[in-house]
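In what follows, every heavy atom counts, from backbone to side chain, and hydrogens, waters and symmetry copies are set aside. Quick note on labels: first sequence line is chain A, next is B, and so on, each numbered from 1.
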Amino acid sequence: MMNDNSNFIKTIMKNELESGVVDHILTRFPPEPNAYLHIGHARAIITNFELAKFFNGATNLRFDDTNPSKEDTEYVEAIKEDLKWLGYTPQKITYGSNYFEKTYEKAVLLIKKNLAYVDDLDQETLSKYRDTNNGAGIESPYRNRSVEENLFLFEQMRAGVYQNGEKTLRAKIDMASPNINLRDPVIYRIMHVNHHQTKDKWCIYPMYDFAHPLQDAFEGITHSLCSIEFEDHRPLYEWVINNCEVEAHPRQIEWGRLGITHMIMSKRYLKELVDEGLVTGYDDPRMPTLVGLRRRGFTPDAIKNFILSTGLSKVNSTVDYGMLEHCLREDLKLKAPRPMAILHPLKVVITNYPEGQIEYVDALNNMENESLGTHKMAFGRTIYIEEEDFCEEKPNKHWKRLSKGLEVRLMHAYFIKCNEVIKDENGKIIELHCTYDEKTKSGTAFNERKPNGTIHYVEATTALKATFNLFEPLILDEKVQLTNFKEHINPHSWQTVEGYVEEFLKDTKKEDKYQFIRNGYYTTDYTSKGDKLVFNRIVGLKSSFVS
RNA sequence: AGGGCUAUAGCCAAGCGGUAAGGCAACGGACUUUGACUCCGUCAUUCGAUAGUUCGAAUCUAUCUAGCCCUACCA
């Protein structure tokens, strides 16, 4: 990939490799299967995979499924699909639940080392004891149970003797630590619930802080990358690694979170949008999910390039949405064919062109990339141009489109001159009468006079009707209260216009991308059925002229 | 309140004691069969603030300020 900024994690890995601290790189992408992936996850995926690839290492996909009450296989499958779409193949696909037995054994080991105990405190009291809001925490009265008793009680917990919440297993660390994560954190809780992978085998489940470092160690992960909010969990991560007698010694490194202007990625927000029916689903093109962006027409390369070029640091950053669009334009520029589409048609009659005659001109599919070939484009007596490409009186000297009395080039065809403007009873322009000049045909190197610009068109009798969906991402205020986010959703985030495209587009395929001349980049809507052409706008052109 | 982290242009971001890369955005100009693309030019005398060390500081030290995160039997 281009624009690959160097970053602090790459530097750390390089140094460790050179000094022999590690002899290879193995990273992991560890999503919890409880949500659809969004562009924020894409950063974790791309960073983990690209970093490993850079050092000839590998990456595992590990489903972090230690809380079955929130998880589902629906998400497991969606995540696998997203990863595949982005073009990454994990070395292994694993589940945290693969290691439940080994994790349990490590918990028993901690008990035997007198580093863990079964606690009977209820949730509220336990929480109050850990954070007294005033200096050190308070030790649980159960903190000093004997190893034998703890061993017995933990076994009973596993055997299902107790109800949810009745007991927990806690690590015995330091109730006076200023870092509350170290004040005897709960490492196992009782949860009588069916797990999507292990079904009814377990009724106790390890907490993230205990399970994660162990899973990393079991898999031999060298670098465990996560976001910045886990930074003060790192001492606990290391405590687990150091006390559980594991072979590997993975290292946790944190980075800042990525935000994008106009895109809110809170799980809860996305879920509410879907549940309340405000969008058509997680793959609604306005959603920041990977499936949404994909349906909108974003390409994996554009997303990769966006992530790599925005860099990586410990700062929580908010990148302009325009940056994402730039990366897409950059990716599509030489790949997308550039046919004509008219979104707001204005009828033009070429009065000196024979009635009923159609001729075909050659049009390069992409002026900058001849390898994309050519197609035939119809020209005839009646054509459509964009409403905005005509202004009765030339508004200013910068105007490079059609006006009464002026001549413009129809791209790939002829010069036309506007002689007459037809209006309806309200004064609205409904038709233009023009004449064409046969000598000016495209490709003849005619240069006796300069036209007042170049505009695009489609021939009326051969053009295909098409629907254009013009999307805006769901725009919300940065600080909006999620409780009334609905009031802040732009009601015009999805607009539809009916227009025309060239006939050669009749064979569009699912996910084909086009750059419509002067109308920006579009993708074929792969949910469209039958002969109806539907195009979703991905991004517009960089700037549009305003007279 | 305590603990942790961060601070370089409108937005990202390199830089790691030797005199502020790059990208996005913006603004000029050239070119053009897309007002696109491309090309050329402009855009931080200064790195959150203030002191200090040094021949020399964005880089080291001290203090201050602002923002984010944590105080779940979530991850």
Handout entry: Residues which pass side chain to side chain donor-acceptor pair (under 3.5 Å) with A/D174, listed by chain and number, not counting sequence neighbours
Key =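 Once residues adjacent in sequence are excluded, A/D174 has no partner under the side chain to side chain donor-acceptor pair (under 3.5 Å) criterion.
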Exercise for the section: Report the residues that fulfil ring-ring contact (aromatic ring centres under 6.0 Å, His included) with A/H195, sequence neighbours left out, ordered by chain and then residue number. Expected result: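 For A/H195 the ring-ring contact (aromatic ring centres under 6.0 Å, His included) partners, ignoring immediate neighbours, are A/F100, A/Y205.
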Exercise for the section: Return the set of residues passing ring-ring contact (aromatic ring centres under 6.0 Å, His included) with A/Y384 (not counting sequence neighbours), or none when no residue passes. Expected result: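 With sequence neighbours excluded, A/Y384 shows a ring-ring contact (aromatic ring centres under 6.0 Å, His included) to A/Y500, given in chain and number order.
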Of the listed nucleotides ([options]), which one gets closest to any side-chain atom of [X]?
X	options	answer
A/S317	B/rA75, B/rA13, B/rC73	B/rA13
A/I517	B/rU33, B/rA75, B/rU34	B/rU34
A/E231	B/rU38, B/rU6, B/rG4	B/rG4

Can you tell me how far [atom2] of [N] sits from [atom1] of [X], to the nearest Å?
X	N	atom1	atom2	answer
A/K70	B/rA75	NZ	C1'	6 Å
A/Y208	B/rC74	OH	C1'	11 Å
A/R257	B/rC5	CZ	P	19 Å
A/N316	B/rC11	CG	C1'	15 Å
A/Y188	B/rC73	OH	P	17 Å
A/Y521	B/rA36	OH	C1'	7 Å
A/H233	B/rU71	NE2	P	6 Å
A/K333	B/rA36	NZ	C1'	10 Å

Practice task
Let me see the working for A/D119 and A/T168 under side chain to side chain donor-acceptor pair (under 3.5 Å), right down to the final yes or no.
Solution key: CA-CA 5 Å; A/D119 199 346; A/T168 58; 5.0 Å; no
Would you say [X] and [Y] make side-chain contact, with heavy atoms under 4.5 Å?
X	Y	result
A/L293	A/I39	yes
A/F390	A/I455	no
A/M175	A/R143	yes
A/D437	A/R449	yes

Please report the distance separating the [atom1] of [N] from the corresponding atom of [M], rounded so that it comes out in whole Å.
N	M	atom1	result
B/rU38	B/rA44	C1'	28 Å
B/rU59	B/rC24	C1'	26 Å
B/rC31	B/rC39	C1'	8 Å
B/rA21	B/rU32	P	34 Å
B/rC37	B/rG28	P	15 Å
B/rG23	B/rG18	P	24 Å
B/rA7	B/rA13	P	9 Å
B/rA57	B/rU19	P	12 Å

Handout entry: A/D65 (side chain) donor-acceptor with A/S97 (main chain) under 3.5 angstrom
Key =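 Yes; judged by distance alone, with no hydrogens or angles, the pair exists.
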Name the nucleic acid region contacted by [X], choosing base, sugar-phosphate or nothing; use a 4.0 angstrom heavy-atom cut-off, strictly under.
X	answer
A/E254	nothing
A/T66	sugar-phosphate
A/H412	base
A/G256	nothing
A/L258	nothing

Distances under 3.5 Å only, N/O to N/O: pair up the protein atoms with those of nucleotides 25-31 of chain B.
none

Indicate whether OP1 or OP2 belonging to [N] is found under 4.0 Å from a side-chain N or O atom of [X].
X	N	answer
A/S313	B/rA13	yes
A/T310	B/rC11	no
A/S127	B/rA72	yes

Scan for salt bridge (Lys or Arg N to Asp or Glu O under 4.0 Å) pairs involving [range], sequence neighbours excluded, and state none if there are none.
range	result
residues 228-239 of chain A	A/E229-A/R257, A/E231-A/R234, A/E231-A/K314, A/R234-A/E254
residues 157-169 of chain A	A/E101-A/R158, A/D120-A/K167
residues 364-373 of chain A	A/R338-A/E368

Exercise for the section: Would you confirm whether the ring centroid of A/Y522 sits within less than 6.0 angstrom of the ring centroid of A/F516? Expected result: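 Ring centres of A/Y522 and A/F516 closer than 6.0 Å.
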Measure distances between side-chain N and O atoms of [X] and base N and O atoms of [N], and say whether any donor-acceptor pair falls under 3.5 Å.
X	N	result
A/E368	B/rU38	no
A/T454	B/rU34	no
A/R183	B/rU71	no

Problem - Watson-Crick and G-U pairing of RNA chain B, under 3.5 Å, as dot-bracket with | and [ ] - result: ((((((((.[[[..)..(...]]].(((((.......))))).....[[[[[..)....]]]]])))))))....
Scan nucleotides 1-3 of chain B against the protein and return all N/O pairs shorter than 3.5 Å with their distances rounded to 0.1 Å.
unit_1 : atom_1 : unit_2 : atom_2 : d
B/rG3  : N2     : A/D232 : OD2    : 3.1

Exercise for the section: Return the orientation label for the A/Y237 and A/H212 ring planes: parallel under 30°, perpendicular over 60°, tilted otherwise. Expected result: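 The rings of A/Y237 and A/H212 sit tilted, inter-plane angle from 30° to 60°.
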Practice task
Would you check, one step at a time, whether the test side chain to side chain contact (heavy atoms under 4.5 Å, CB included) holds for A/I46 with A/I303?
Solution key: CA-CA 9 Å; A/I46 292 164; A/I303 292 172; 4.1 Å; yes
Exercise for the section: Just grab all the side chain to side chain donor-acceptor pair (under 3.5 Å) pairs involving residues 36-45 of chain A, residues at least two apart or on different chains. Expected result: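 Every pair satisfying side chain to side chain donor-acceptor pair (under 3.5 Å) with a residue in residues 36-45 of chain A: A/Y36-A/E74.
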Problem - Pairing residues for A/A211 by the side chain to side chain contact (heavy atoms under 4.5 Å, CB included) criterion, not counting sequence neighbours - result: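 In terms of side chain to side chain contact (heavy atoms under 4.5 Å, CB included), with neighbours along the sequence ignored, A/A211 is linked to A/T66, A/P206, A/Q215.
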Exercise for the section: Pull out every residue in residues 159-167 of chain A that has a heavy atom closer than 4.0 Å to any atom of RNA chain B, ordered by number, or say none. Expected result: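 Correct list: A/G165.
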